[in-house]
Amino acid sequence: MLVSIYRYNPETDSKPAMQDIEVSIPADKDLMVLDVLALAKEQDATIVYRRSCREGVCGSDGMNINGTNGLACITPISAAVKPGGKLVLRPLPGLPVVRDLVVDMSIFYKQFEKVKPYLINDEPPPAIERLQSPEDREKLDGLYECILCACCNTNCPSFWWNPDKFIGPAGLLQAYRFLADSRDTATVERLSGLADPFSVFRCRGIMNCVAVCPKGLNPTRAIGHIRNMLISQGT
Amino acid sequence: MSNVTNLGRSGLSDWVIQRFSAVILAAYTFFILGSFLIHPDMDYVQWKTIFENNLMRIFSLVTLAALCAHAWIGMWTVSTDYITALQFGKRATAVRLLFQAGCILLISVYLIWGIQILWGF
């Protein structure tokens with residue numbers, strides 16, 4: 001199988017280039033894209049990419065696979081490439097490239113920090129723990145599972161155009177995760193930080209984030225909930 | 001680049017204004033298209049009679065105002081998406097302000113001209 005990999009080393013290359021490598025895939029086996037990358041690295045050890053858990057939990061190996069963002073470790077080549085086709089691997093779009101398939105995620109984490117992704121509760125803590133009813137706990141399903149792989153943000157044009165001002169789908173999903181938490185008492189403060197023209201309202205609802213989320217989450221719906229909370233608080 | 005040149009100074013108010021103005025624009029569009037369908041052979045005299053009705057003039061003026069607000073919010077968003085330092089470097093602020101000034105000028109011309117057409121004669 002022909003694999004085309006984005007190569008760029010800012011220290012030595014003047015511009016990025018695609019490198020084609022022929023990788024032999026064991027017959028009747030549907031490898032994951034990450035396995036193919038490992039086989040390619042056996043031929044050229046200078047290929048650089050991030051990976052850790054290799055089972056879709058750590059979110060390290062987010063990359064652009066044949067035009068679609070996804071996790072290399074849980075994307076089978078049969079899903080990414082048509083039979084006889086070429087596997088094309090590029091870094092996540094819209095972030096500065098550190099080297100090859102590794103991107104600088106600083107601005108992504110900065111947007112994540114902005115939403116204060118931790119529980120804020122100014123009431124004195126009870127002796128054991130803050131309790132929550134099963135119904136309230138259920139409201140957090142589909143929100144807390146995000147692994148911060150950045151596949152969604154880097155597939156979002158609003159994030160490409162204003163990465164320093166638009167929080168982006170991953171951060172906003174977490175923003176709503178704490179807005180929806182019955183134990184959090186900072187709802188008003190959290191909302192007042194989101195009503196400006198950029199943080200939330202740059203979302204045009206095109207659902208690119210939903211289309212690529214490897215965990216099947218729905219940031220667009222969470223953003224809709226935030227907007228409704230802002231409207232009921234602000235009007 | 002924040003919200004100084006933004007219509008409502010807040011993303012929330014802009015969002016609400018854009019949705020409300022869209023409803024008004026849709027209602028007016030259906031109304032005008034509907035009257036053409038009901039009167040397929042409408043002539044100038046009939047057309048003028050419709051617009052001599054004060055309610056029709058108010059509806060038209062409200063729609064014109066909605067169009068102006070809708071257009072400004074849209075163009076402001078476009079300018080802050082595409083005319084930024086990312087694409088234009090150091091000249092971005094100058095180019096963006098020039099573009100926004102051009103939009104305001106054009107929208108003002110349409111608004112004043114529209115009022116003149118509706119109430120001028």
Side-chain angles (χ1 to χ4, degrees), chain A residues 93-97 103-104 106-108 110-111 114-115 153-154 156-168 171-172 175-176 179 187-206 208 220 222-235, chain B residues 1-27 62 65-104 106-107:
Chain A
L95 292 177
V97 174
V103 290
D104 178 358
S106 314
I107 196 135
F108 172 78
K110 216 174 139 193
Q111 295 299 351
K114 266 195 204 168
V115 305
N153 274 42
T154 56
C156 173
S158 290
F159 185 73
W160 295 338
W161 308 151
N162 287 297
D164 54 335
K165 295 187 188 65
F166 175 53
I167 288 172
L172 291 171
Y176 184 62
L179 284 168
T187 308
V188 175
E189 295 86 336
R190 287 180 188 280
L191 285 176
S192 63
L194 297 171
D196 66 283
F198 289 96
S199 300
V200 174
F201 287 96
R202 270 306 136 124
C203 170
R204 320 308 302 182
I206 62 168
N208 268 21
T220 307
I223 293 168
H225 287 312
I226 296 176
R227 212 153 37 205
N228 289 345
M229 290 179 89
L230 280 166
I231 289 169
S232 33
Q233 195 199 43
T235 54
Chain B
M1 192 169 93
S2 64
N3 61 358
V4 177
T5 51
N6 164 274
L7 182 72
R9 303 285 185 277
S10 121
L12 177 63
S13 88
D14 267 18
W15 192 85
V16 172
I17 293 169
Q18 208 169 26
R19 264 66 198 171
F20 266 112
S21 57
V23 172
I24 295 169
L25 289 171
V62 167
L67 181 67
C68 291
H70 198 89
W72 174 239
I73 292 167
M75 296 316 279
W76 185 84
T77 306
V78 169
S79 72
T80 50
D81 262 352
Y82 298 109
I83 313 177
T84 63
L86 218 58
Q87 289 92 348
F88 285 79
K90 281 181 182 161
R91 291 173 303 134
T93 307
V95 177
R96 191 171 60 249
L97 279 177
L98 207 67
F99 175 83
Q100 292 177 349
C103 287
I104 290 184
L106 207 61
I107 290 171

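What's counted below: heavy atoms across the whole structure, side chains too, no hydrogens, waters or symmetry copies. Note that the structure is a prediction, hence the values are computed from the model and not measured. The chains referred to below are lettered A, B, ... by the order of the sequence lines, with proteins before strands, and numbering in each begins at 1.
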Handout entry: Region of B:S13 that comes under 4.5 Å of a non-hydrogen atom in chain A
Key = neither
Problem - B:D14 side chain vs A:P197 backbone, donor-acceptor pair below 3.5 Å - result: no
Problem - ring-ring contact (aromatic ring centres under 6.0 Å, His included) assessment of B:Y82 paired with A:W160 - result: CA-CA 10 Å; B:Y82 298 109; A:W160 295 338; over 10 Å; no
Handout entry: Atom pair CH2/CD1 of B:W15 and A:I231 - distance to nearest 0.5 Å
Key = 4.0 Å
Handout entry: A:F201 and B:L12, any side-chain heavy atoms less than 4.5 Å apart
Key = yes
Fill in the blank from the handout: Those residues at least two apart in sequence (or on a different chain) that pass ring pair (Phe, Tyr, Trp, His ring centres under 6.0 Å) with A:Y176 are A:H225
Fill in the blank from the handout: For B:Q100, the side-chain hydrogen bond (donor to acceptor under 3.5 Å, both in side chains) test, sequence neighbours excluded, returns B:T5, B:S79
Problem - Criterion salt bridge (Lys or Arg N to Asp or Glu O under 4.0 Å) against B:D81, the qualifying member of A:R204, A:K165, A:R202 - result: A:R202
